[in-house]
Asks: 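This structure is in structure tokens; I'll ask about it shortly.
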Amino acid sequence: MPEYGFASRLRLKKTDEFSSVFNFRKRISGKYLLMYYNYNDFSYPRLGLIVAKKLVHDSVRRNYMRRVLREVFRKNQQQLTNVDIIIRPKQSFSNDNFTDVESDFLNLISILKKKVKVHLNENGLQSR
RNA sequence: GAAGCUGGUCAGACAGUCGCCGCCUGAAAAGGGGGAGGAAAGUCCGGGCUGCAUAGAGCGGGAUGACGGCUAACGGCCGUACGUCGUGAGACGAGGAAUAGGGCCACAGAGACGAGCGUAUUCAGUUACGGUGAAACGCGGUAACCUCCAUCCGCAGCAAGACCAAAUAGGCUGGCAAUGGCGUGGCUCGCGCCGUCAGCGGGUAGGUUGCUUGAGUGCAUAAGUAAUUAUGUGCCUAGAGGAAUGACUGUCACUUGCCGAAAGGCAAGAACAGAACCCGGCUUAUCGACCAGCUUCAACU
RNA sequence: GGCGCGAUAGCAAAAUGGUUAUGCCGCGGCCUGCAAAGCCGUUUACGCCAGUUCGAUUCUGGCUCGCGCCU
């Protein structure tokens with residue numbers, strides 16, 4: 001039975017957790033979103049969100065974007081394993097482009113899954 | 001019917017699926033119930049609360065200003081008077097004192113603040129007038145210039161404050177003595193600490209608390225022109241902490257456009273905006289819908 | 001969340017209840033074989049809306065924008 005919940009353990013909160021992802025320096029970009037990622041030591045993925053005040057001035061729309069991105073992550077989290085990801089929107093969106101944002105996110109996830117596979121293979125080679 | 005004025009209410013409704021944050025029941029699994037606003041905003045005023053000594057004296061500083069009332073308090077609200085605007089309903093108005101004193105009054109104008117000057121006139125500096133200018137021959141104007149008078153204000157803010165407590169570092173509490181130093185709010189007084197003796201606990205990260213029942217609110221009655229108050233009765237209405245309210249679907253209702261003779265059908269739209277200790281106001285943003293009272297004009301009886 | 005500052009030409013930066021200095025920049029001219037430097041001239045401003053006042057950039061409210069501190 002896949003997990004659809006979104007408990008607080010699945011979130012990135014501390015500055016150290018955010019910087020570790022940024023220092024890994026891996027980034028995938030889509031039309032609406034920018035995704036940073038790093039591998040973690042847990043058996044589940046974790047999400048961090050950054051919505052810049054520069055991008056959208058008023059807090060209503062910033063919080064809306066945060067909620068939508070959290071919702072998309074919640075619905076698709078079973079596709080991911082032990083990665084920390086940070087989502088940063090590149091441009092603003094509203095209720096009209098919800099499906100666009102969702103497909104953009106799914107696209108990023110599929111790219112990430114390929115990279116994870118390669119990463120695991122390389123590690124396997126090194127360990128031999 | 002048209003144009004307008006004032007006050008008030010609402011801020012789509014009801015279901016379903018998947019989630020989020022508190023609360024309650026339960027050993028658990030699970031179940032039940034609650035979850036943004038009229039401005040939550042700006043932080044412009046006023047309080048509560050907390051600490052600084054139970055915030056106390058003086059200086060300095062700040063705020064307000066017709067009169068009366070309401071209130072926990074206010075720079076808010078209500079009533080009355082006055083002034084300006086409007087045909088009117090109404091709207092707007094932070095200014096008491098210029099003989100307590102000081103300052104300032106550009107340009108123009110012969111002359112600009114304290115009395116003089118010019119012309120005419122008279123017994124007589126006695127009386128009248130004087131282009132300009134906001135103000136001109138004076139007991140001027142200006143106190144949103146200093147100031148005076150009256151009233152009020154100590155300072156900081158929940159990142160206040162309290163409690164439990166790793167690592168590291170050495171300090172903390174009680175008694176006694178006294179110059180100086182340090183701290184507390186802008187300063188002085190005042191107050192506390194630093195010295196020494198005795199005893200062993202104190203405290204940062206982190207966590208818990210403060211944290212939501214309160215000057216609360218619906219209705220009825222009474223007092224008052226009103227703001228408001230009193231009594232009775234019903235209700236509980238978010239409490240997070242890198243910070244919860246989201247996504248999708250259905251039905252009905254609203255607005256606009258198109259089609260149609262009509263019933264109706266199709267499409268689009270639905271504002272401003274998101275709690276962070278809590279209240280009372282003010283100000284600013286806002287698609288619209290509805291209710292009540294009133295004014296002016298036109299027509300008809 | 002709370003507290004406190006500021007806004008003056010394209011940039012920097014003063015002062016004041018009655019004409020907004022000054023420097024750099026731009027433009028035109030002189031100088032030079034050509035330029036630079038120098039000299040002369042010149043354009044562009046008191047964030048916005050109200051009030052007090054005869055008159056506001058200044059005084060008083062309210063907006064808008066920017067900055068700093070408390071963690």
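Note that this is a predicted model, so its numbers are computed, not measured. Residue numbers begin at 1 in each chain, while the letters A, B, ... track the order of the sequences.
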Asks: Distance between the P atoms of B:C300 and B:C219, in whole angstroms?
Replies: 47 Å
Asks: C1' atom, B:C52 versus B:G185: distance in rounded Å?
Replies: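 Those two atoms are separated by 9 Å.
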Asks: How long is the line joining CG of A:Leu69 and P of B:A244, in whole Å?
Replies: 14 Å
Asks: For nucleotides B:C236 and B:C67, find the distance between their C1' atoms and express it as a whole number of Å.
Replies: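 Looking at atom C1' only, B:C236 and B:C67 are 44 Å apart.
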Asks: For C:U53 and B:G93, measure between their P atoms and round to the nearest Å.
Replies: 14 Å
Asks: Once you round it to whole Å, what is the distance between C1' of B:C20 and CZ of A:Arg66?
Replies: 15 Å
Asks: Checking understanding here: a glycosidic angle within 90° of 0 is syn, the rest anti, so what is B:A156?
Replies: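 Anti, which is what one calls it when the glycosidic angle falls more than 90° from 0.
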Asks: Which whole number of Å gives the distance between the C1' atom of B:C49 and that of B:G280?
Replies: 16 Å
Asks: Taking the side chain of A:Val60 as heavy atoms from C-beta outward, which of B:U245, B:A273, B:G246 is closest to it?
Replies: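 Looking only at heavy atoms from C-beta outward on A:Val60, the closest nucleotide is B:A273.
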Asks: Got A:Asn38 and A:Lys26 here, is their nearest side-chain heavy-atom distance under 4.5 Å?
Replies: no
Asks: Using the side-chain heavy atoms of A:Arg74, tell me which of these nucleotides is nearest: B:A273, B:G19, B:A247.
Replies: B:G19
Asks: Rounding to an integer number of Å, can you tell me how far A:Arg62 CZ sits from B:G246 P?
Replies: 17 Å
Asks: Looking at the angle O4'-C1'-N9-C4 for a purine or O4'-C1'-N1-C2 for a pyrimidine, is B:C139 syn or anti, with syn meaning within 90° of 0?
Replies: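 Here the answer is syn: the torsion falls within 90° of 0.
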Asks: C1' atom, B:U50 versus B:G274: distance in rounded Å?
Replies: 29 Å
Asks: Does B:G234 sit syn or anti, given that only angles within 90° of 0 count as syn?
Replies: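 Anti conformation here, the glycosidic angle of B:G234 being more than 90° from 0.
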Asks: Any N or O donor-acceptor pair linking the side chain of A:Glu71 to the base of B:G19 at under 3.5 Å?
Replies: no
Asks: Starting from A:Ile85, can I reach A:Phe24 by hopping between I/L/V/M/F/W/Y residues whose side chains sit under 4.5 Å apart?
Replies: yes
Asks: Write down the distance separating the C1' atoms in B:A36 and B:A273, rounded off to the nearest Å.
Replies: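 Approximately 11 Å lies between the C1' atom of B:A36 and that of B:A273.
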Asks: With rounding to the closest Å, how many angstrom separate the P atoms on B:C78 and B:G96?
Replies: 22 Å
Asks: Do A:Lys90 side-chain atoms and A:Gly30 backbone N/O form a donor-acceptor pair below 3.5 Å?
Replies: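 Between the backbone of A:Gly30 and the side chain of A:Lys90 there is a qualifying donor-acceptor contact (under 3.5 Å).
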Asks: Could you tell me whether a side-chain N or O of A:Asp104 sits under 3.5 Å from a main-chain N or O of A:Leu33, the two making a donor and an acceptor?
Replies: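 Such a contact is found between A:Asp104 side chain and A:Leu33 backbone.
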Asks: Just one of A:Ile111, A:Asn107, A:Ile109 clears the side chain to side chain contact (heavy atoms under 4.5 Å, CB included) bar with A:Ile28, so which one?
Replies: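 Of A:Ile111, A:Asn107, A:Ile109, side chain to side chain contact (heavy atoms under 4.5 Å, CB included) with A:Ile28 is met by A:Ile111 alone.
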